[in-house]
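For reference, the structure discussed in these notes is given below.
Here the structure is a predicted model, which is why all the values come from computation and not from measurement. Below, chain A is the first sequence line, B the second, and so on; all start at residue 1.
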Protein chains: 2
Amino acid sequence: MAKGHMAIGALARIAGCKVETVRYYELAKLMHPPERSPAGQRRYTEIDAKRLSFIRRARNLGFSIEEVRGLLAMVDDQEHSCDSVRATALSHLQNVQQRLADLRTMESVLGDMISECTGGTVPDCPILDALFSDHPEDNRAPSI
Amino acid sequence: MAKGHMAIGALARIAGCKVETVRYYELAKLMHPPERSPAGQRRYTEIDAKRLSFIRRARNLGFSIEEVRGLLAMVDDQEHSCDSVRATALSHLQNVQQRLADLRTMESVLGDMISECTGGTVPDCPILDALFSDHPEDNRAPSI
DNA sequence: ATAATACCTATAGTAACTATAGGTATTATC
DNA sequence: GATAATACCTATAGTTACTATAGGTATTAT
């Protein structure tokens, strides 16, 4: 296999996902249809590997396929004006920052549980009380 | 409706999700079966509202139903020893911290795009290069 | 040369919702 | 107090984002 051109299995291993997932992302138009070997097998580049890793991480963080499409559009659409990219990026940034706030709360509560726990059983677990009893506006529009 | 006892619609509104989702979480054993009105309608408490909000936020952050079940088990299982809660919390904490790292990278790249963009079109978008070209071990076991 | 492995397409199955149908409760208005 | 609007009920079908399987071809290792 020529350097810089890998088969689908190698690509999937790099990104930490299944081969089937890669083919699914091609069908879903998140991944571009790649070059094919003379016999018809898919051949990928390093750029494809970066793109797939990005998609997997975004999915793991709870972004929907549609949201990932929106993020990738900022990469793909070289035609877009800076102003529109700016606006899209800003809306994605707010989305990301909300998630960061939730995760930081989660981190601190888990940290507390680990340090405060001093043996025996847990009589009155504070996790639900501490976590997310505030900001009820979780109707945040997906910033696609 | 007696204070502190709300119908499913009010509960769903508080947590920012659909009524159907609440019923689905009951089926999936994430929410406890609630009290019923004389005619058979579900009646929820403030505690249920906190629990549902927690589930929704965890799901938005990419935790699977199984993972959420694991987190909730720390709340529900009053029998568990502090040591086992500690171990579970630690494994969840590592999971959360990995997500935090990914999200922080995403935040900084989006921030850069917003501040660096100075008009015209974007000739060479750095987003894929900057994002996630590193740490390829995304095979992190779900820490249930 | 041939066996093991990796790839191909097409299709079916799963997880986590989401929507619909057909019917009963609750609440609001006259 | 009748009735209309809204919210609730169960059961079931549909959607999204994968994941697994079947039956067959390519590539690689021995």
Taking all atoms of both residues into account, what is the closest heavy-atom pair of [X] and [Y], and its distance?
{"X": "B/A49", "Y": "B/M6", "value": "CB-CE, 4.1 Å"}
{"X": "A/V19", "Y": "A/G9", "value": "CG2-CA, 3.9 Å"}
{"X": "A/D48", "Y": "A/L11", "value": "C-CD1, 3.9 Å"}
{"X": "B/R43", "Y": "B/A7", "value": "NH1-CB, 3.6 Å"}
{"X": "B/T21", "Y": "B/C17", "value": "CB-SG, 4.2 Å"}
{"X": "B/L93", "Y": "A/G111", "value": "CD1-N, 4.4 Å"}

Residues A/R99 and B/D102 bridged, charged N to O under 4.0 Å: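 No salt bridge links A/R99 with B/D102.
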By side chain to side chain donor-acceptor pair (under 3.5 Å) - contacts of A/Q97 (at least two apart):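 Scan of A/Q97 (side chain to side chain donor-acceptor pair (under 3.5 Å), adjacent residues dropped) gives B/E107.
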d([atom1], [X]; [atom2], [N]) in whole Å:
{"X": "B/R59", "N": "C/dC17", "atom1": "CZ", "atom2": "P", "result": "4 Å"}
{"X": "B/I65", "N": "C/dT14", "atom1": "CD1", "atom2": "P", "result": "17 Å"}
{"X": "B/I8", "N": "C/dT26", "atom1": "CD1", "atom2": "P", "result": "15 Å"}
{"X": "B/E26", "N": "D/dC8", "atom1": "CD", "atom2": "P", "result": "14 Å"}
{"X": "A/L27", "N": "C/dA10", "atom1": "CG", "atom2": "C1'", "result": "11 Å"}
{"X": "A/R69", "N": "D/dT16", "atom1": "CZ", "atom2": "C1'", "result": "11 Å"}
{"X": "A/M6", "N": "C/dC7", "atom1": "CE", "atom2": "C1'", "result": "16 Å"}
{"X": "B/E67", "N": "C/dA16", "atom1": "CD", "atom2": "C1'", "result": "14 Å"}

Every protein N/O within reach of nucleotides 19-22 of chain D N/O, cut-off under 3.5 Å:
{"unit_1": "D/dT19", "atom_1": "OP2", "unit_2": "A/T21", "atom_2": "OG1", "d": "3.4"}

A/S91 side-chain N/O to A/A87 backbone N/O, donor-acceptor pair under 3.5 Å: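 Here the side-chain-to-backbone pair does not exist.
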Acceptor/donor pairs from residues 24-37 of chain A side chains to any protein atom, 3.5 angstrom cut, sequence neighbours excluded:
{"unit_1": "A/Y25", "atom_1": "OH", "unit_2": "A/R56", "atom_2": "NH1", "d": "2.6"}
{"unit_1": "A/E26", "atom_1": "OE1", "unit_2": "A/R42", "atom_2": "NE", "d": "2.8"}
{"unit_1": "A/R36", "atom_1": "NH1", "unit_2": "A/G40", "atom_2": "O", "d": "2.8"}
{"unit_1": "A/S37", "atom_1": "OG", "unit_2": "A/A39", "atom_2": "N", "d": "3.3"}
{"unit_1": "A/S37", "atom_1": "OG", "unit_2": "A/G40", "atom_2": "N", "d": "3.4"}
{"unit_1": "A/S37", "atom_1": "OG", "unit_2": "A/Q41", "atom_2": "N", "d": "3.1"}

Closest nucleotide among C/dA16, D/dC8, D/dA17 to the B/V19 side chain: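 Nearest nucleotide to the side chain: D/dC8.
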C/dC17 OP1/OP2 closer than 4.0 Å to side-chain N/O of B/Y25: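 For C/dC17, OP1/OP2 do have a side-chain N/O of B/Y25 under 4.0 Å.
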Interatomic spacing from CG in B/L90 to CG in A/L110 - rounded to 0.5 Å: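 If we round to the nearest 0.5 Å, B/L90:CG and A/L110:CG are 9.5 Å apart.
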For DNA chain D, the residues among residues 33-42 of chain A that have a non-hydrogen atom under 4.0 Å from it: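 A/S37, A/A39, A/Q41, in order of number.
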Using a cut-off of under 3.5 Å, enumerate the N/O to N/O pairs linking the protein to nucleotides 1-3 of chain D.
none

Side chain proximity check, A/L52 to A/Y44, heavy atoms < 4.5 angstrom: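 Sidechains of A/Y44 and A/L52: no contact.
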Check: A/R51 and A/D76 side chains under 4.5 Å, non-hydrogen atoms: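 Yes, their side chains come closer than 4.5 Å.
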Derivation and outcome, side-chain hydrogen bond (donor to acceptor under 3.5 Å, both in side chains), residues B/N95 and B/E67: CA-CA 10 Å; B/N95 190 340; B/E67 286 175 303; 3.1 Å; yes
DNA chain C base-pair string [pairs: Watson-Crick or G-U under 3.5 Å; |: paired with another strand]: ||||||||||||||||||||||||||||||
